[in-house]
Amino acid sequence: MNNPFVYGEAVSGHYFTGREKECRELRAELKNGQNIIIFSPRRYGKTSLIKKVLEGLSKEGVLTFYIDLFFVNSKQKFIETYAEAVAQELKGPFAKISQTLKELIPKIIPKIVIKTGGGTSFEFDFDRTRKISPILEDLYESVHKLIKHQKKKAVVVFDEFQELLSFDDGEIEAGMRSKFQFHRNVSYVFLGSKRNLMQKLFDDKSRPFYNSGRKYPLKKIEAEEFAKFIKLRFGQTRIKISDEQVISLLELTGRHPYYTQELCHFVWENAREDKKVTAATINKSIREILSSESTNYNNIWDGITAKQKGFLIALAKNPEANVYSQEFILGNQLGTPSTIQRLVKLLYDKQIIEKENGKVFFEDIFFEKWIISKAT
Ligand SMILES: Nc1ncnc2c1ncn2[C@@H]1O[C@H](COP(=O)(O)OP(=O)(O)O)[C@@H](O)[C@H]1O
Ligand SMILES: [Mg+2]
């Protein structure tokens, strides 16, 4: 029997839970042609959610395009990734798709490639000695041009959009915005995990994407919904777990979608033989997670300064503390409030800590537990 809890990649089908309100709202907005900016800390479920929304819209006849910028590190790669997303949504034999692509983006040459695991995908070639600006412009217009003839609606998603800032000199940012604003029947969705970079792109009055869509912060999954899901998944695989144990698992992870699934995955594996979850199963699972992550945690620890370590140890020991308070700063000999501000910014940029409603906390609750286990 397969473990019913999955963590890592985006989840779908049986592995996906909750988010009904979000799905409803996003679907309605996107059908209205609204642009949306979805942000949350990483691993909250942005990709899983948007893929589910696209699946629903696709069934209603909306054309959907998904462009992941996570592995994009140059304008050339951006062109290939964008063009591939357009090609993926075109239906029919290769010759026909090829013809449509030629009309939409004349300066690139599509090639079909057979993937090792079966299935096909496209690769694109273009004259790399010539300027790429005209190709970029054709790309920005491609989806809009495509649906104009089909009288359809379309949604284009850019996942991990903040990565644009790592390879663009401003050309793509300005170019996209200047075209997208005229596309009535196309909605653009921008997903991002790095809040500071997303803010730079969307909250700065002097930048092209300022005020260009509805902001949609994604929260954690509702406690009740998540609890129901965990209970159900254990039950379906004939492993006993009490309501109290489910609540305590959710408390342990602070309801974080990824870390909750990770913990449940380990707990399930450990309860597999006895067919029931016990306090011992849960403790063993936590120890296993800490040990499986220890190389990673050691690397993070090696990469930070003594001051940052001091701050993290203090935070791990007092997770509820107001880190800017005199009590916290003096009690832990951390310097001055301005030192704390600098530390918080650095650790936040490294995605080691998160901020919400003025509170500072660990992004990874198991890293917090690892620090406690080492520091005491
Ligand atoms: N709706 C959901 N239901 C169940 N688990 C989820 C859900 N959303 C996210 N997760 C868990 O979180 C992990 C990360 O989700 P993902 O969509 O990749 O997040 P993000 O795109 O925000 O980084 C998934 O592998 C899964 O374990
Ligand atoms: Mg994602």
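No hydrogens, no waters, no symmetry mates; every other heavy atom, side chains included, goes into these values. Residues take their numbers from the sequence shown, with the count starting at 1. What you see is a predicted model; the values in this text were computed from it and never measured.
A pairwise comparison of heavy atoms in Lys275 and Thr237 identifies NZ-O, 4.0 Å as the closest pair. Heavy-atom minimum distance, Phe65 versus Ala154: CE1-CB, 4.0 Å. Across all non-hydrogen atoms, the minimal contact from Leu69 to Glu160 is CB-O, 3.6 Å. Between Asn3 and Tyr15 the shortest heavy-atom distance is O-CE2, 4.2 Å. Contact detail for Phe234 and Cys264: the closest heavy-atom pair is CZ-O, 4.1 Å. Scanning all heavy atoms of the two residues, the minimum distance from Lys46 to Ser193 falls at NZ-OG, 3.2 Å.
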Full working for side-chain hydrogen bond (donor to acceptor under 3.5 Å, both in side chains) between Tyr66 and Asp159: CA-CA 7 Å; Tyr66 173 80; Asp159 204 345; 2.7 Å; yes
Could you walk me through whether Asn270 and Glu288 pass the side-chain hydrogen bond (donor to acceptor under 3.5 Å, both in side chains) test, one step at a time? CA-CA 10 Å; Asn270 284 319; Glu288 283 174 358; 3.2 Å; yes
Glu29 and Asn32: side-chain hydrogen bond (donor to acceptor under 3.5 Å, both in side chains), yes or no, with the steps? CA-CA 5 Å; Glu29 290 279 37; Asn32 279 334; 4.8 Å; no
Test side-chain hydrogen bond (donor to acceptor under 3.5 Å, both in side chains) on Tyr188 and His183 and set out the steps. CA-CA 9 Å; Tyr188 293 92; His183 297 169; 2.7 Å; yes
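Side chain of Arg177 to backbone of Tyr210: a donor-acceptor contact under 3.5 angstrom is found. Without hydrogens or angle criteria, Asn322 side chain to Tyr324 main chain gives a donor-acceptor distance under 3.5 Å. When atom types are taken as modelled, the side chain of Asn298 and the backbone of Ser294 share a donor-acceptor pair closer than 3.5 angstrom. Arg272 contributes no side-chain N or O that, together with a main-chain N or O of Ile239, makes up a donor-acceptor pair within less than 3.5 Å. Proximity of a side-chain donor or acceptor of Glu368 to a complementary backbone N or O of Phe362 within less than 3.5 Å is not detected.
In this structure, OG1 in Thr253 is found 9.0 Å from NZ in Lys369, a value given to the nearest 0.5 Å.
With respect to Lys75, the salt bridge (Lys or Arg N to Asp or Glu O under 4.0 Å) criterion is satisfied by exactly one of Glu80, Glu173, Glu171: Glu171.
With Tyr44 as the aromatic partner, Arg42 does not meet the cation-pi criteria of under 6.0 angstrom to the ring centre and within 45 degrees of the ring axis. Cation-pi check for Arg43 over Tyr7 is not met; the charged atom does not lie both under 6.0 angstrom from the ring centroid and within 45 degrees of its normal.
Salt bridge annotation for Glu89-Lys91: present, with a cationic side-chain nitrogen under 4.0 angstrom from a carboxylate oxygen.
With contacts defined as side-chain heavy-atom distances shorter than 4.5 Å, the pair Thr260/Ile230 qualifies. Asn318 has its side chain within reach of Asn332: a pair of non-hydrogen atoms, C-beta onward, lies under 4.5 Å apart.
The aromatic rings of Phe202 and Phe161 are tilted relative to each other, their planes meeting at an angle between 30° and 60°. Aromatic ring orientation, Trp301 versus Phe367: perpendicular (interplanar angle above 60°, classes split at 30° and 60°). Ring planes of Tyr258 and His256: perpendicular class, angle over 60° (limits at 30 and 60°).
A continuous path of Ile, Leu, Val, Met, Phe, Trp and Tyr side chains, each step under 4.5 Å between heavy atoms, connects Val246 with Val267, placing both in one hydrophobic cluster. Connection of Ile313 to Ile352 is established within a shared hydrophobic cluster, with ILVMFWY side chains joined at heavy-atom distances below 4.5 Å, either directly or through further cluster members.
The ring-ring contact (aromatic ring centres under 6.0 Å, His included) pairs that include a residue from residues 70-119 are Phe78-Tyr82, Tyr82-Phe158, Phe94-Phe122, where partners are two or more places apart or lie in different chains.
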